[in-house]
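Inspection log for the structure reproduced underneath, given as structure tokens.
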Amino acid sequence: MILVAGPLLVLWVAGLALAALDGRRRGVGVLAIAAVAVAFGLQAVLLGRVLADGPQELVAGGWAADVGIRLRVDALGAVFAALSSGIVVAALLQAVATGVRSRSLPALVVFLTLGLSGLFATGDVFSFYVFFELAMIAAYALTAASGTAREVGAAFLFAIVNLVGSFLFLIGIALLYRATGTLEMVAVAEAAGRLEATTAILIAISFFVAFGTKLGLFPFHFWLPTLYATASPPVAAIFAGALANIGAYGLLRFGGAILPNELALSATALIVIGSVSIAYGAIQAIGRRDTREVLAYSSIGHVGYILVALGLGGPVGLAAAVAFSVANALNKALLFLSSELRGRLTAAIFLVGVLSVAGVPPTAGFFGKAALFDAGVRAESWWTVALLFVGGALSFVYVFQIYQHDRWRPREQRERATPLGSAGVGQRLAAGLVALVVLVLGLWPQPLLAAGRDAAEAIVVARGDG
Amino acid sequence: MTSILTRYVARALLAPVLIVSVGILVKGYADVGDGFAAGVVAALALLLQYVAFGTDAVEHALPIRWAPGIAIAGLAIAVLVFAVPMAFGEPPLEHAPPAGEEPVHLGSLELITAVVFDVGVFLLVIGAVGTIIGSLVDPDREAP
Amino acid sequence: MNLVFAAAIGVIFGAGVHLLLQADLLRVVTGLALVANAASLTLMSSGLTRGREPILPLTGDAEPASDPVVQALTLTAIVIGFATTALLLALIVVLYRRRHSVDLDDLSREEAEAAARDEAEEPALDAWRELGLEVDEPEVAR
């Protein structure tokens, strides 16, 4: 049980302590790294336990299940919790190695991790919302913590758009509670199957808009590019690698587990929106020259694949969505972390990320795309398979374009584009660790695919028709 | 500068509003109200002072610079109420006297340890709101 | 009663969205606060008629009590709405201190001008470089 509540307790205590300290001091940053690393360690052990023994539960304060705050970690939640915390550890390591200029950054990152860990671990729809807002508020404050008027403007747009999404989500929760009479996820999933189609569709749409905004899907994406391009690399890595997981997890949890009928009903719409996202992201990315803008648009494109996988549906489609989300989060975190580092070693690290985004073996990205491909072939959705080919080719073009543009220029020009100067050990270590994970998962993909399969199974079991 | 009417009403309202907020706080477990509502009511009185008299006068008259400290103290009290029952082997947040038993009465006031939690929440809210108002009220002033 | 709530939620949400689409950032924040309140009201109204209380009735008589869960949820939602409003106001103060304006049109015009300046300088310098000429690097403010 300590595994379920432990990460949250550690992060709570650390967050409160850090809030009172000056985050610019290196020791405070190291403390924050230690706290998140401990939480990550516990979550990694928890992931192993969940994969071996099934879901772990904890009801706070010995209350009855639908009164007390209930934590319930299944394979899906455990995978995303460990993934997000791990990426935050790497990003925070780089931020501290680069030197933190804002007083509150370590505390905010810890609170963000707390929100993420909580929402992946909770078994209650409303607690999900509370943790979700905790993570998002920390993120809004993080974007505003420093910077020029342009950055603050990007932060404002980010906050407004995402808050509207959050309140729509809250209204969706109110409707769901009204219609099902409970907030406990398993019971909600049971009751949701008996809802009238019109009610359920309304709820499903509000959830879709909320999580689509979080992911930066095509029609809800416009806050994303400026934000990712103006935030510092570690913060951008946290956003693209950890915070965006809320959207993927939310779609899987609320779409896959709670409202599966509506998900199946809207499969075509999901595939269309996903395809538009892929095409839009890729075309915009090819047209950009700034590395981080390319990465931002590439993020918009790549979340489209998750939607396509959800649209394909079935255990294979859901497993592909999970596997691709994991690979995608790692890729984006890796690219953002290494985007402003220079040197031979970091060029190799960046190249790993580039290969992974393009889907070239031996990287995690290859298996993410392969899982999608497999799902498309099995569903005999040839349109999707063709889309995967075209989308893959386009991402190949733009990632090598940035590699070429960034790294193959004459030395004197390259140094002009090096705001960080020569990269320190900590900065390289952070990017290198993520690169190592991407490579290891590329050479030994069984954990990735097994985690995807188990998570998909957890979704199917949760909705009670497995 | 605001009109004399505003200033007079703001001055006349300060004490009654604070008393009402304390009333909401201590009656919270028998009647409508709780620490959060009480904190918000008190914060409204504070805000009215800012509107009527301006930043400098309020900061001179009221202990605004203690607001962050008050917030942290409130949070500490709430955490203590959460944790202390665990030291006695009870579940966290358990109150004394327990449910079903008659609490000690002081006039119409019921004494119950859960009110201490609300006092913590009250201090947290008033401290946090005081900090927020204090830092937002005058955008022309540079951040400290 | 349901109709009254539905109408109130609709009006508040509509007014909020109308304000969200304005150029003045203070109005945008006000609009967001209204949307938050519409969400709170929806939460309240979701417990209106169904009187199935999840906490044991201490009194023992079987009178239907109103649902306390939605009140707890609404209180939480109010606190979150309050925190987000305060945060957005803080962002506006930061913007105002930097630019002395809280109007979206002014801000985006300034940004467009800055972007146009960058665009005008960049290609020319690249063309010079391709010819192999030395150029003085402009100080790019990051």
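As the structure is a prediction and not an experimental result, all values here were calculated from the model. Proteins come first, then strands; the chains are lettered A, B, ... in the order of their sequence lines, and each starts at number 1.
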Check: Is there side-chain contact between A:Leu243 and A:Met136, with at least one heavy-atom pair below 4.5 Å?
Finding: yes

Notebook entry, point to check: What part of A:Leu168 is in contact with chain C, defined as an atom under 4.5 angstrom from a non-hydrogen atom: side chain, backbone, both or neither?
Noted result: side chain

Item checked: Rounded distance [0.5 Å steps], CE in A:Met185 versus CD in A:Glu190 -> 14.5 Å

Checklist line | Note, A:Tyr228 side chain near A:Phe158 side chain (heavy atom, < 4.5 Å) | finding: no

Notebook entry, point to check: With a 4.5 angstrom heavy-atom cut-off, which part of C:Leu20 approaches chain A: side chain, backbone, both or neither?
Noted result: side chain

Item checked: Test side-chain contact (heavy atoms from CB on, under 4.5 Å) applied to C:Val29 and C:Thr85, C:Asp24, C:Leu87, C:Thr84, the passing residue -> C:Thr85

Next item on the list: Please look at A:Leu183 and chain C and tell me whether the side chain, the backbone, both or neither of the residue comes under 4.5 angstrom of a heavy atom of that chain.
Entry: side chain

Checklist line | chain C contact via A:Phe126 - side chain, backbone, both or neither, heavy atoms under 4.5 Å | finding: side chain

Note to self: Non-hydrogen contacts under 4.5 angstrom with chain C: give the residues of residues 200-207 of chain A involved, or none if there are none.
What the structure shows: none

Check: chain A: which of C:Val35, C:Leu41, C:Leu95 shares the most heavy-atom pairs with it under 4.5 Å?
Finding: C:Leu95

Notebook entry, point to check: Does anything in residues 4-11 of chain C get under 4.5 Å of chain A by heavy atoms, and if so which residues?
Noted result: none

Next item on the list: Run the numbers on A:Tyr297 and A:Glu293 for side-chain hydrogen bond (donor to acceptor under 3.5 Å, both in side chains), then give the verdict.
Entry: CA-CA 6 Å; A:Tyr297 280 106; A:Glu293 269 185 44; 5.6 Å; no

Next item on the list: Taking the side chain as every heavy atom from C-beta outward, state whether A:Phe169 and A:Phe128 have any atom pair closer than 4.5 Å.
Entry: yes

Next item on the list: Would you indicate whether the side-chain heavy atoms of A:Ile402 and A:Leu295 approach each other to under 4.5 Å?
Entry: yes

Check: Are any of the side-chain heavy atoms of A:Glu133 and A:Leu163 separated by less than 4.5 Å?
Finding: yes

Next item on the list: Please report the shortest heavy-atom distance between C:Ala39 and A:Leu170, naming the atom on each side.
Entry: CB-CD2, 3.7 Å

Notebook entry, point to check: Just wondering, do A:Lys214 and A:Ser166 contact through their side chains at under 4.5 Å, heavy atoms?
Noted result: yes

Notebook entry, point to check: Which atom names give the shortest non-hydrogen contact between C:Leu88 and A:Phe156, and what distance separates them?
Noted result: O-CE1, 3.9 Å

Margin query: Between A:Arg178 and A:Thr199, is there a side-chain heavy-atom distance shorter than 4.5 Å?
Written below: no

